[in-house]
Each structure stands twice: as C-alpha cells, then as structure tokens.
Amino acid sequence: MNIHPDTPAWQALAAHYNSIKDSTLADLFAADPQRAKKFSLEFEDLLLDFSKNRITAETMRLLFRLAEESSLRQSIDAMFSGQCINETEGRAVLHTALRNRSNQPVYVNGQDVMPAVKAVLQRMSAFAERVRAGAWTGYTGKPIRNIVNIGIGGSDLGPRMASEALKPFSLPGMRVFYVSNIDSFHLADTLSGLSPEETLFVIASKTFTTQETMTNARSARQWLLTAFASKEAIARHCVAVSTNSEAVAAFGIEAENMFEFWDWVGGRYSLCSAIGLPLLLQIGPDHFLAMLEGFHAMDQHFRSAKLEQNLPVILALLGIWYNNFFEAQTQAILPYNQSLQRFPAYLQQVDMESNGKSVSKSGQRITWQTGPIVWGEPGSNSQHSFFQLLHQGTKLIPADFIGFCRSQTPLGDHHRKLMANFVAQTEALAFGKSTAAVRAENPGISDSLAAHKTFLGNRPTNTLLADELTPRTLGMLIALYEHKIFTQGVLWQIYSFDQWGVQLGKVLADKVLQDLNEPLSVLPTGHDDSSCAIIQRLKERS
Ligand code: G6Q
C-alpha cells in the first residue's frame, strides 16, 4: 500500500483492504446474484458497470467517505465557480464555462466570461459556415477542401482525437489533417498530396511561442509563399487560435482571422475552446454544439449528483483503490471502436500531465502514489498484441472497456462480432479458467501444460457502454474522464492544472540548439560528458 499517512478514511480503507485483498471476483459474484445491478449506474444512454472490480459495498462506502473527508464537494464548487484553483500559475480553471449551455453567468475576478465565450463560438461558427459553403475561398478563388491544424500537445491531441472519432459526421470532401511534430517529415508528408489553393492552415497555440508549432507554421507560410508568390495569400490561407494576439499579429495574421481563448483554459482541457476550430470546420456548428451539450450534461451531473451516483467520482475512487492499495502502476483504456483510436493517447496527456505530480498542495514531497501510467489501444486489435500480459502476466492492470451498442458504420455482422469480443474479454479477465477446467477439457494433460493453460482471472475492469458514438456521447465521455482526473487530484492533494515538469527539457533544448548551431571546431560545453559527445557527433554527421 502507498497511502496518505494521516487521515482516518485512508486508514480505514487500509484495514479494509487487508481484509478483502484475497477475495476473488468469482467469489464476489457467487455471493451476490444482484451484484451487476448493485454496481452499475446509468447516465443518459451511458452505462457504467463497475461490478467486475475487486470491491464490496463496504469498499465503496469507505471510498465515498474518503471523498467526503477530502472536501471533494467544496473543490468541485471552487472549480465551477471560477476560483483561482490553479494556484501555482495563479489562474482559474474554467473549461466548464466553454461548454456552459445554461444561461448562468460564470465569473472570473468579478467579470462574467460567458458573453466572450459565446461571441467567440459565434465567430467560429460563422467562419466555419463560410468555409464549408465555399463562400470563404482561397487566394485563387477556389473553395477550401483541406484543413491543416498546426499545433502540439493540448493544441493538437483533443481536436485530433475528436476529428477521428466523429469522422462519420464530416462534411463530404472536407479533409482535416493535424501536424504537430517538429520532425519535418510530419509537415512534408502531410502537405505532399495537398493543393495550396484548397488548403487552410489553422495555427493553434495558446502561447504562440511554442517552438514546434512556430517552426511548422513558418514552414507552412513559406509553402504558401512559394505557391502564390504573394503575401496577401497568407490572409486567405492562415487563421490563428491563440490567447496571444500580439504574437499572432507579429506572425502576419490579421486580428479578424484570429480566434481567441483565455488563460483560464488549460491546454489539455481546451477542446471546447477555439482550439476545436478544425473539428468545427469538419463536422459543422450543429454537431459541434451537440458535443458541447454532451460535455455540459456530464459537467452538470458531476456537479450535482450524489457521490454515490456520480460516474466521474466512482471511476476516480476505483482508480485510487487500485493505485494506492493494490499498487497498480498503470491504467489501460481500451475503446472497442476504431474511430476512438486516439482516445487513449488523448487521455494519456490529460491524466499524466495533470496528475503526474509528487509535491502536495502544501509544497511537501509526497509519500503516496499519484497518477497512473495511462495507455491503451482499440480492441479488438489489442487482443492480438498485449492482452496476453493482461490475462496471464504478473502485473495487475485495471482496464476500462469502452463500447457502443450500435456501429457508426453498420456493415454485416462486424459490430456484433466486435462486441462479442468486448464482453468476452472482461469475462475472461474477471473469471479466468481454472486448472480443473483445463484438465476436464484435456484429459491426461501434464501438470506443466495445464499450468500454462490456466488463467487465474480476478483482473478488474470497468465497462462503459453507450448506444452509439455521437458528438453528444463523445462530449460526455471526455468530461467523464476530465472530472475523474480532477477528483483524483483532489484526493491525492496535488495541483492538477499546472505542468511545470515540461519546462526543464524546453530550456535545455534551447541551449542544445545553440550548441548545434556552432561551427564544428567549437566543442560543446556546459553539459555532461555524454550530452556533449552526442551533440558533437550530431554536428559531425549531419
Ligand atoms: C497542456 C500543455 C501543453 C500545451 C502545448 C502547446 O495542458 O500545457 O500540452 O498544450 O505545449 O502549447 P501552446 O498551445 O501554447 O502552443
């Protein structure tokens, strides 16, 4: 166990853990025919079945007590009401205002932010309508057919994931691409098949200073200048999404072509801000608004549902149960849906950048475990790769299975087969296959081979099942995980909305770049021996 040392709720859970840690899911299900019902909740069409977890009613009671004792309710209110909860950066955290579909004001420093939020959304929608209708044309008068978003991290992963997830809702003929990596291959490969006349760049950067994005943006601008030999073309083919209007203007993008957001929107929580522009261009305002409605519905649920019926809270508590008591190191995210292929990568950032912290809010180095390693791939592909370790490896890996009753693209019996696998895997993980069952199937089998063919089971999973992957469902699903992560941060007593851990590498990269720019005869200094040698080798061989 790796738990907070002091508080009564953590201590009570520790004692409880010792009493039930050896219970198996098979025993727990055998003891209670109502178990699935007892440990399932529904929100709209979204079912969360968490019965295949190594918990009892007492476990949940104690976990809820932990949430109460951690003043979770007050923390939720503090976030939604615009208090400065991102203390190390001195900012409010209000991604929920971006999708506030009620008429309630949201105040930051005494000022209602909703008029500005609505105005930007209005501008984005109007712009998207023009581009989609062919009324906004490129420099030579041709309609725009390709959107290339240039951004990285929070200015890439969210819209990129959602663009993939909502492909069936796209305007036919409108293609959306995402360039993030400073590796020139990414830009070159993306642009190689595109006609500049039909291409619009969305340069997405909260700060408008990020090295990767600005380098890619300058190369994209050069690509346009080469094609059109006119600076005026830039205005027809580049728009910006940023909080930094001065840097946008300095880049040469007109104020009217900039879509603004605010410092109270964290990068990894920014999909509902102007950062969602490429998605809006792809799926149109109606579908984008439907996604915001889904976010808002889950926000309201998180804010108002009792802890015992609160889906994000329950996911968070179960994660803590495995992370801090069973000492699980990772959390697998397994969407049984090809269009959610980027969802694990997206959640990886939201979770690991938010809760990958080791200093408490009071500034002390902490002694308990915080955020898990988040990873995953779509099923059923993943069954043919890493599932072996999930089933028979030595590690305990809690996994979320995410699936849908209906396909976005029905075709024969594909979906039924996909979902058969979805159910079969959680069943196999939970209940395994005993040596006795192996022997019954294989009379005369050796002890050794029977051991290899035995599945111990008892591997925990959550099942999240919605009717269909729509913009609304996607919004609900993302908000579910955002609030799960927030809840965990509160219980671990860490700040979830800063990311100081990414600074050091950025600063050092600037120094290394200076060294790489020096002539060969100037040997690098000021680094360790290994780094100096690698820098010099790069200079010699590039
Ligand atoms: C997210 C992080 C980070 C950020 C990128 C891009 O929460 O802060 O991933 O989104 O570094 O930053 P810019 O949008 O400022 O270019």
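Counting convention: from 1, in listed order, for ligands and their atoms alike.
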- Query: Among side-chain atoms of Glu482 and Tyr269, is any donor-acceptor pair under 3.5 angstrom?
  - Reply: no

What one should report as the nearest heavy-atom pair of Trp262 and Thr243 is N-CG2, 3.7 Å

Here the pair of heavy atoms bringing Leu224 nearest to His237 is CD1-CB, 3.7 Å

Q. With a 4.0 Å cut-off on heavy atoms, does Gln349 reach ligand 1?
A. yes

Does the pair Lys539 and Asp515 meet the rule for a salt bridge (charged side-chain N to carboxylate O under 4.0 Å, His left out), with working shown? CA-CA 9 Å; Lys539 285 164 62 182; Asp515 292 325; over 6 Å; no

Considering only protein heavy atoms, which is closest to [atom], and at what distance to one decimal place?
atom                    : result
atom 5 (C) of ligand 1  : Ile152 O, 3.5 Å
atom 2 (C) of ligand 1  : Glu353 OE1, 3.3 Å
atom 12 (O) of ligand 1 : Thr210 OG1, 3.5 Å
atom 10 (O) of ligand 1 : Gly154 N, 2.9 Å
atom 15 (O) of ligand 1 : Thr207 OG1, 2.6 Å
atom 8 (O) of ligand 1  : Gln499 CD, 3.7 Å
atom 11 (O) of ligand 1 : Lys506 NZ, 4.4 Å

- Message: Using ring pair (Phe, Tyr, Trp, His ring centres under 6.0 Å), reason through Phe201 and Trp223 one step at a time and then give a plain yes or no.
- Response: CA-CA 11 Å; Phe201 291 96; Trp223 184 74; 5.7 Å; yes

[X] neighbourhood, listing ligand 1 atoms whose heavy-atom distance to it stays under 4.0 Å:
X      : result
Ser155 : 10 (O), 13 (P), 14 (O)
Gly267 : 1 (C), 7 (O), 10 (O)
Ser205 : 13 (P), 14 (O), 15 (O), 16 (O)

- Please work out whether the ring planes of Phe127 and Phe259 are parallel, tilted or perpendicular, with thresholds of 30° and 60°. tilted

### Query
Should the pair Phe302 and His483 be assigned to parallel (<30°), tilted (30 to 60°) or perpendicular (>60°) ring geometry?
parallel

Q) Are Arg91 and Phe497 in a cation-pi contact, defined as NZ or CZ under 6.0 Å from the six-membered ring centre and within 45° of the axis? A) no

